[in-house]
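Beneath this line is the structure, given in structure tokens, with notes to follow.
Per chain, numbering begins at 1; letters A, B, ... match sequence-line order. It should be emphasised that the depicted structure is a prediction, and the values quoted were computed from it without experimental measurement.
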Amino acid sequence: MADSIVTPSRSRDLDKLLLRPGNLVGPTFEPGVELRDDLREYARILVVGAGGLGCELLKDLALSGFKNLEVIDMDRIEVSNLNRQFLFRVEDVGKPKAEVAAKRVMERVSGVNIVPHFCRIEDKEIEFYNDFNIIVLGLDSIEARSYINAVACGFLEYDSDDKPREETIKPMVDGGTEGFKGHARVIVPGVTPCFECTIWLFPPQVKFPLCTLAETPRNAAHCIEYAHLIKWDEVHSGKAFDADDPEHMKWVYSEAVKRAELFGIPGVTYSLTQGVVKNIIPAIASTNAIISAACALETLKIASGCSKTLSNYLTYNGVEGLHIKVTEFVRDKDCLVCGSGVLIELDTSVTLEKVFSISLGSAVTSGLNIIVDYHKFGLVCVLVLGVEFIHQLEQHPKLLLSKASVTHRGKNLYMQAPPVLEEMTRSNLSLPLYDLMGKIPKDIVHVTGTTDKHDKKTSCLRKLRVAFKGIDGVTDMDMAGGA
Amino acid sequence: MIRLFKVKEKQKEDAENSRGVVPVKKQSAGELRLQKDITELNLPDSCNITFPNGKDDLMNFEISIKPDGGYYKDGTFLFSFEVPPIYPHDAPRVKCKTKVFHPNIDLEGNVCLNVLREDWKPVLNINTIIYGLYHLFTEPNCEDPLNHDAADMLRDHPHVFEANVRMALEGGYIGDEYFESCM
């Protein structure tokens, strides 16, 4: 510790957090110079979005002692960004946000390395995201959050006791602002609720009825949406509207003005047109600063353990007075994205539905396996060789799922209904599930069907972790049991 | 978690001896929910569903509706459904691909149906929309018009409206607009 004090360090304030023990620290906190150095050396952080939140986040993280940062953003700088996205200058207009933001922070904070990625989040290979220890989100859409959440939760693996395997957890810190309001949340997949667990929190987007737009517009936004949703198609049959094309936007604006004159409605401006069409919400620099600061600190706390983390959702509301609240949301245990799903172990010969060969000998052997496995691992899994997959789902105590339709990686292996899909997938019924799943030792499968709950048939959609026995790369229960 | 990061980094350096499990993109929660909606469809006999892109693309499908009563009896009307990735947070985009003279459907195929826009809720499903569309044909509504001419005619001269619709179903002109037969 003495060494670090000898050379006056730029990180002296950070040192107070990282070098000294304390009572309010996280459970795994080990203070010391090594921690500070490791944070620089080993923590790799991805910032998603280089806009209002992203600029703040990059600056905050760089100044919090992180050295390995990357940033991804698909947008270019616009004049209207300059009031709050403080890393950008007038001469930067038109350049990629990620590249300029990375450059500016590297110029100011020596020693930090920021790799920019000027592309869509969907354009990156999934494996790209696995390279980071923590993903920090400064986004403005539900869709993008949902995508990153699905990717991060996709790395999560569960052990045979349905406990998340720590080394596969990819924590996320998500910030969002809307005018005077904002939120910061910590998502630790498998431990705290993921984005999808609480997606119901989002209010639906305001949408005007088409007939109001067409017949009885009452405000400027109605006139703009008329030009955007109805008039555009009428005039440009088949040509898709592109909100990022200024020519398109100008056309919508001029049509909206005509419409507004016709109905004597004031207030249609070009910037309102952009706002309505692109669903732009007024952003306030200081709200971004508050939320980003919270997110950056949580990132530091997750990585270093120097304090307990936010648990798990902070809301900031400065609209009437100021209200700040932390809510501990709970996981949806059946969440399709972050939930463990029900573990099912199968023999590679098990078909979807048709039975080809049942060997009495193997049925007896597998019957023994159930007992062995149950005692050894506390597993609830049914291993009955020779009984086809869809039938097993009916008998499985955790599922009791009848009339199952089965999907794997976007491929519909079997659909019970509607008849047109049933017909297209029927031929799969006689094939082994192992083959249908591309001979992968273990993977996620989703099933829908009906289940009996309190003597009432309810429809349900469940996630399964299917593992094939005796295939390389999967913990072989038989071997473990026999050893 | 820094210990863990360090361990992982070391592992990566040591060797690429990962177990070869390459994570693949999962289906979006929206796709899965839609799959459930599709298997639970309870279509009336007069409705039919098709999947132009095959069995593995459920996000784009077509519904044909053949009303068995009302002004539009025996016509067949095709609707395209485009389901967004964040379904059911957002409603599907629905267009009528059959040109029709209808107070609530314009000539470009835009449909004015409350559950498609202002009244959409995630608890609703594809079935709700299909029944809503079906209802438009049995009970066209001149209060919320999207096709002004059709709405005025239905309100002021229902018999003229009926005659025009029958004619258009078999193929013919209403004013300057030509409607192809959809019987």
Less than 4.5 Å to any heavy atom of chain B: does that hold for the side chain of A/Leu421, its backbone, both, or neither?
side chain

Report the option among A/Thr28, A/Leu213, A/Thr212, A/Ile142 that has the most heavy-atom pairs separated by less than 4.5 Å from atoms of chain B.
A/Ile142

Measure B/Pro145 against the heavy atoms of chain A and call it side chain, backbone, both or neither at under 4.5 Å.
both

For chain B, which of A/Pro209, A/Gly449, A/Ser405, A/Pro418 has the most heavy-atom pairs under 4.5 Å?
A/Pro209

Okay, A/Glu166 and chain B: the region with an atom under 4.5 Å from a heavy atom over there is both

Is the ring pair B/Phe179/B/Phe101 parallel, tilted or perpendicular, if the boundaries are 30 and 60 degrees?
perpendicular

For the residue pair B/His89 and A/Phe202, does the interplanar ring angle fall in the parallel (under 30°), tilted (30 to 60°) or perpendicular (over 60°) class?
perpendicular

Mutual orientation of the aromatic rings belonging to A/Trp232 and A/His236 [parallel < 30°, tilted 30-60°, perpendicular > 60°]:
parallel

So that I can tick it off, tell me whether B/Lys99 and B/Glu177 are bridged by a salt bridge, with the cut-off set at under 4.0 angstrom between side-chain N and carboxylate O.
yes

Would a distance-only check, ignoring hydrogens and angles, find a side-chain to backbone donor-acceptor pair under 3.5 Å from B/Asp119 to B/Asn114?
no

Answer with side chain, backbone, both or neither: which region of B/Glu108 has an atom nearer than 4.5 Å to a non-hydrogen atom of chain A?
side chain

Tell me yes or no: SG of A/Cys335 and SG of A/Cys194, less than 2.5 Å apart?
no

Region of A/Pro27 that comes under 4.5 Å of a non-hydrogen atom in chain B
neither

Please classify the contact of A/Ser459 with chain B as side chain, backbone, both or neither, using a heavy-atom distance under 4.5 Å.
both

Considering only heavy atoms and a distance below 4.5 Å, find which of B/Leu107, B/Leu58, B/Asn147 pairs most often with chain A.
B/Leu58

For the aromatic rings, using the six-membered ring if either is Trp, is the centroid distance between B/His102 and B/Phe77 under 6.0 Å?
no

Taking the side chain as C-beta and beyond, is there a heavy-atom pair between B/Asp68 and B/Tyr134 under 4.5 Å?
yes

Is any side-chain heavy atom of B/Pro103 closer than 4.5 Å to a side-chain heavy atom of B/Phe161?
yes

Hey, are B/Glu118 and A/Lys207 close enough for a salt bridge, meaning a charged N less than 4.0 Å from a carboxylate O?
no

Answer with side chain, backbone, both or neither: which region of A/Glu143 has an atom nearer than 4.5 Å to a non-hydrogen atom of chain B?
both

Taking side chain as everything from C-beta outward and backbone as N, CA, C, O, which of these in A/Pro171 sits under 4.5 Å from a heavy atom of chain B? Side chain, backbone, both or neither.
side chain

If I measure from the heavy atoms of chain A, does B/Leu116 come under 4.5 Å with its side chain, its backbone, both, or neither?
neither

Heavy-atom closest pair (B/Phe51 atom, B/Asn60 atom, distance to 0.1 Å) is CD2-O, 4.3 Å

Region of B/Asp106 in contact with chain A, defined by heavy-atom distances below 4.5 Å
side chain

Do you know which of A/Glu30, A/Lys403, A/His408 has the most heavy-atom pairs with chain B at a distance under 4.5 angstrom?
A/Glu30

Between A/Ile440 and chain B, with a heavy-atom cut-off of 4.5 Å, which part of the residue counts as in contact: side chain, backbone, both or neither?
neither

Winner by heavy-atom pair count (cut-off under 4.5 Å) against chain B, out of A/Thr407, A/Leu39, A/Leu35, A/Val420:
A/Thr407

Counting only heavy atoms closer than 4.5 Å, note whether B/Asp90 contacts chain A via side chain, backbone, both or neither.
side chain

Looking only at heavy atoms and a cut-off of under 4.5 Å, which of A/Leu210, A/Val206, A/Thr448 has the most pairs with chain B?
A/Leu210

